[in-house]
Undergrad: 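One structure, as structure tokens, below. Some questions next.
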Protein chains: 2
Amino acid sequence: MSKSRDVGDHSGPQRPPTIIDLARESGVSKSTVSRVLNGNLNVSESARTLVLAAMIKLDYQMNSAARSLRTERSHLVGLVMPGIKHVFYSSTAEVLERELQKVGISLLIASSGGTAEGEVLAINSLRSHGADAFILSLVNENDARTVVTLQSIRQQVLLLDRDVPKVVGDKVLIDPRRGVNESIEHLVSLGHTKIALITHGTFVRPGREVKSCFEEALAQRGLTPAAEVLLEFEDVSSQIGWTATEVILKSGATAILALGPSSVTAGVLNYLTWNGLRFPDDISVIVYDETELSSAMKPGLTAIIRPLEEYACLAANLVISRFSDSEAEQRVLTVPTQLMVRDSTGRVKSKAKISRAKQLQ
Amino acid sequence: MSKSRDVGDHSGPQRPPTIIDLARESGVSKSTVSRVLNGNLNVSESARTLVLAAMIKLDYQMNSAARSLRTERSHLVGLVMPGIKHVFYSSTAEVLERELQKVGISLLIASSGGTAEGEVLAINSLRSHGADAFILSLVNENDARTVVTLQSIRQQVLLLDRDVPKVVGDKVLIDPRRGVNESIEHLVSLGHTKIALITHGTFVRPGREVKSCFEEALAQRGLTPAAEVLLEFEDVSSQIGWTATEVILKSGATAILALGPSSVTAGVLNYLTWNGLRFPDDISVIVYDETELSSAMKPGLTAIIRPLEEYACLAANLVISRFSDSEAEQRVLTVPTQLMVRDSTGRVKSKAKISRAKQLQ
DNA sequence: TTGTATGCGTTATCAG
DNA sequence: CTGATAACGCATACAA
């Protein structure tokens with residue numbers, strides 16, 4: 001019964017105003033203030049205007065900690081990614097942030113650093129900050145620590161282009177099939193038969209999917225991969241791209257699908273240009289997406305386009321909708337990819353011509 | 001006096017365990033539990049081990065809302081940037097996140113979208129989510145709405161490479177002087193006298209600083225700018241870079257300092273390569289930083305390097321340190337830039353040679 | 001339509 | 001060293 005600041009106490013303008021201050025200022029009770037703040041209909045117009053006036057007069061800001069404590073909702077969503085630095089992830093994050101912002105949700109980010117330990121740490125950090133939901137691009141779908149952590153979570157989980165059957169949650173997936181099919185068709189029509197692939201490791205869905213689509217598309221045409229390089233998340237440096245390309249070229253490949261992280265793709269291009277191999281003349285290259293890199297290069301880069309905007313929007317809205325309808329069944333949404341032909345793919349050249357081209361440099 | 005769940009109530013394992021559950025489980029009072037959780041020294045070893053055991057047994061997770069309500073600290077820091085998509089911002093965010101994570105602080109992100117209105121919205125959104133501090137790269141240092149909003153904030157404010165005298169807060173600034181000086185010196189030594197600049201508008205510090213350093217460096221050598229293009233944050237597209245380059249070339253410039261957003265720089269390179277202008281043969285180009293773009297391009301791009309890691313680390317640690325010592329005087333930290341000469345800068349060619357080069361393409 | 005009373009989970013004060 | 005107890009600001013069931 002000892003309301004300390006309920007009435008009176010005209011001392012400190014130091015502390016931020018609370019609904020009690022609003023109540024005193026507008027001459028109603030704090031319940032009425034609360035009702036106005038939450039848009040409750042059962043409140044007289046006069047009371048409402050009074051409270052609203054007090055609200056702007058005192059520059060009232062809701063105390064989110066108090067509200068969260070009471071309602072058990074923080075309006076915070078956590079995003080875990082290998083890193084936020086690379087354009088694919090940062091673009092996704094930007095769209096997610098924008099979409100969530102629209103409904104008053106803020107985005108909490110945490111990088112796993114590309115390791116499973118970092119991932120668990122990131123998840124727990126976000127959890128300890130009270131995130132209502134988690135959006136995750138895992139580094140490894142099989143890591144037991146991550147899976148266990150995810151299973152022990154009460155909040156909703158959404159996987160971004162990842163598939164962990166043991167974890168309940170919605171998923172937004174990228175289907176590389178069309179893009180890869182069109183790529184192979186395109187390359188084969190240009191005479192290529194020795195085609196190489198760089199992609200993620202098979203412990204994440206994108207790696208598995210791309211690999212299998214690639215192999216299937218080749219098989220349909222009686223071909224086999226010239227080379228395949230599967231990447232770990234730990235080493236997504238351009239150095240890896242460089243050495244991978246070195247290996248691939250030894251296989252005699254005349255075309256490369258560089259469908260890994262952008263830093264690796266940069267390494268591929270790096271190796272090619274710095275070794276005097278010009279595309280499409282000496283080798284054909286297909287990369288992911290339309291980036292600053294791919295548009296600034298002289299031969300525009302033929303690319304498999306991932307519908308990034310749609311991908312992230314779907315994810316955001318899935319998360320949002322589940323807040324209202326928490327018991328809906330698990331949903332899996334898939335977005336397609338497609339090939340955009342530019343100038344880094346061309347007719348295959350004979351070995352002799354390639355050698356000559358190299359010497360000319 | 002009606003403790004509902006203080007004792008007994010073995011009903012629901014549904015709700016997450018609280019310190020009361022820990023207290024019951026370990027046979028001590030919740031005060032002692034709280035002490036253990038906060039590392040308070042005044043607690044017996046026996047009690048501590050008891051509580052710790054209960055903690056892992058029940059998989060206890062601190063309720064951050066309750067703690068925040070009580071301590072008035074959320075351990076959340078808000079980051080406001082024009083957008084998170086571009087590599088400079090996303091890299092900064094990544095480093096900030098990593099450094100803050102080390103001391104248990106999570107990063108809340110909000111994009112302003114490059115507009116002043118969006119900026120105010122972003123700040124208020126973060127504020128409503130209880131951020132303890134704000135790290136900001138403003139879009140416009142002069143916008144009254146933003147300034148007023150910032151002034152009305154109780155939390156600490158840190159400006160990233162921005163300078164708003166009317167706002168109290170620490171600052172971490174990038175000093176372009178050395179990098180720009182070295183660039184001009186380098187270019188002049190190669191015979192260039194007509195040098196153009198692309199940078200931010202003068203309503204943000206980077207724009208002002210780069211512009212004045214550029215002009216001073218030229219003046220010291222008896223030169224004047226061949227052209228200057230100042231950018232708005234609203235239009236940081238590669239299209240702008242393209243048209244800007246078109247304009248600049250008409251001025252007869254033989255060298256371009258492209259020191260704006262990376263998308264604009266991409267547009268510059270785009271224009272040059274697609275119009276058959278090769279660097280350094282036809283024109284010299286200096287860009288910002290070492291990016292995937294600049295390392296993958298064939299002539300490696302000469303660049304002014306900003307110490308991004310240091311920049312973000314300083315910012316993070318400034319924020320962290322001010323939490324302990326909130327009344328310290330305002331601090332302004334500055335990080336230097338420097339030129340890294342690669343291959344996109346070379347001896348100036350005569351007009352005739354440039355024309356010939358263009359025709360050869 | 002409005003006010004009163006209670007509890008959310010935590011920290012902090014104060015008495016033992 | 002420990003335990004009881006009072007806030008923190010808000011939402012809400014219930015009474016009026």
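Here the structure is a predicted model, which is why all the values come from computation and not from measurement. Order of the sequence lines fixes the chain letters, A, B, ..., with proteins taken first and strands second; residue numbering starts at 1 for each chain. The basis for the numbers below is simple: all heavy atoms, side chains too, and nothing from hydrogens, waters or symmetry mates.
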Undergrad: Atom CD of Glu72(B) to atom C1' of dG9(D): distance rounded to whole Å?
TA: 10 Å

Undergrad: The side chain of Ser44(A) lies closest to which of these nucleotides: dT1(C), dG9(D), dG9(C)?
TA: dT1(C)

Undergrad: Looking only at side-chain N and O atoms, does Ser74(A) offer a donor or acceptor that is under 3.5 Å from a partner on Ser68(A)?
TA: no

Undergrad: Hydrogens and angles aside, do Gln101(B) and Ser125(A) bring a side-chain donor and acceptor to less than 3.5 Å of each other?
TA: yes

Undergrad: May I ask you to verify if any side-chain N or O of Thr32(A) is less than 4.0 angstrom from the OP1 or OP2 atom of dG3(C)?
TA: yes

Undergrad: Is any side-chain heavy atom of Tyr60(A) closer than 4.5 Å to one of Ile19(A)?
TA: yes

Undergrad: Report the distance from atom CG of Asn40(A) to atom P of dA13(D), rounded to the nearest whole Å.
TA: 11 Å

Undergrad: Please give, in whole Å, the distance from dG9(C) P to Gln61(B) CD?
TA: 14 Å

Undergrad: For Lys85(A), look at atom NZ and say whether over 12 heavy atoms of other residues, nucleotides or ligands are found less than 6.0 Å away.
TA: no

Undergrad: Would you say Arg15(B) places a side-chain N or O within less than 4.0 Å of OP1 or OP2 belonging to dG9(C)?
TA: yes

Undergrad: Let me know, please, whether Ser46(B) or Ala66(B) comes out on the 5' side of the other along DNA chain D by nearest nucleotide.
TA: Ser46(B)

Undergrad: State whether Phe323(B) and Arg73(B) meet the cation-pi test: NZ (Lys) or CZ (Arg) under 6.0 Å from the six-membered ring centroid, and within 45° of the perpendicular axis.
TA: yes

Undergrad: Could you tell me how far apart Leu69(B) (CG) and dC10(D) (C1') are, to the nearest whole angstrom?
TA: 8 Å

Undergrad: Answer with base, sugar-phosphate or nothing: what part of the nucleic acid does Asn42(B) contact at a heavy-atom distance below 4.0 Å?
TA: base

Undergrad: Measure from NE2 on His129(A) to P on dG9(C) and round the result to the nearest Å.
TA: 19 Å

Undergrad: With a 4.5 Å limit on heavy-atom distance, are the side chains of Arg205(A) and Leu173(A) in contact?
TA: yes

Undergrad: Atom NZ of residue position Lys102(B) - does it have more than 12 heavy atoms of other residues, nucleotides or ligands inside 6.0 Å?
TA: yes

Undergrad: Are Leu76(A) and Ile105(A) close enough that some pair of their side-chain heavy atoms sits under 4.5 Å apart?
TA: no

Undergrad: Please report, rounded to the nearest Å, how far the P atom of dG9(C) is from the OH atom of Tyr60(B).
TA: 10 Å

Undergrad: Would you indicate whether the side-chain heavy atoms of Thr146(B) and Asn140(B) approach each other to under 4.5 Å?
TA: no

Undergrad: At 10 degrees resolution, what angle do the end axes of the helix from dT1(C)-dA16(D) to dG16(C)-dC1(D) form when each is taken over five base pairs?
TA: 40°

Undergrad: Over how many whole Å does the gap from Ile20(A) atom CD1 to dA11(D) atom C1' extend?
TA: 13 Å

Undergrad: Which of these, Asp170(B), Leu136(B), Val319(B), sits in a side-chain contact (heavy atoms from CB on, under 4.5 Å) with Val157(B)?
TA: Leu136(B)

Undergrad: Check every strand shown and say whether Ala47(A) touches a base, only sugar-phosphate, or nothing at a heavy-atom separation below 4.0 Å.
TA: sugar-phosphate

Undergrad: Could you state the atom-to-atom distance from CE of Met62(A) to C1' of dC8(D) in whole Å?
TA: 15 Å

Undergrad: Write out a two-atom table: protein N or O, nucleotide N or O from nucleotides 12-16 of chain C, distance below 3.5 Å.
TA:
from	atom 1	to	atom 2	distance (Å)
dA12(C)	O4'	Arg70(B)	NH2	3.2

Undergrad: If you compare every side-chain N and O of Ser29(B) against the phosphate oxygens of dG3(D) (OP1, OP2), does one of them come in below 4.0 Å?
TA: yes

